Amino acid sequence: MYRKQRVSAGRAVALLALLSAISVERGLIASPKWYFILCITAPVMLLYGFARNR
């Protein structure tokens, strides 16, 4: 039988925050094309925040 592996939500949120920070930094320095990553990470982090409060 297979065991279900649980993924820590805290680690996933930390990864999303790191990805957001990198995209903002790269968007300011290198190229504004990096900002498209925020269109993915920001809503996911907001959804997690709303789901956690319930």
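Everything numeric in this text was worked out from a predicted model, so none of it was measured.
Hydrophobic clustering, with ILVMFWY side chains joined whenever heavy atoms are under 4.5 angstrom apart, groups F36 together with L19.
In terms of heavy-atom proximity, M45 sits nearest to A17 at SD-N, 3.9 Å. Nearest heavy-atom pair across W34 and G27 is CB-N, 3.8 Å.
Partners of V24 under the side chain to side chain contact (heavy atoms under 4.5 Å, CB included) rule, at least two apart in sequence or in another chain, are L28, L38.
Taken to the nearest 0.5 Å, the CD1 atom of I37 stands 11.5 Å off from the CG atom of L16.
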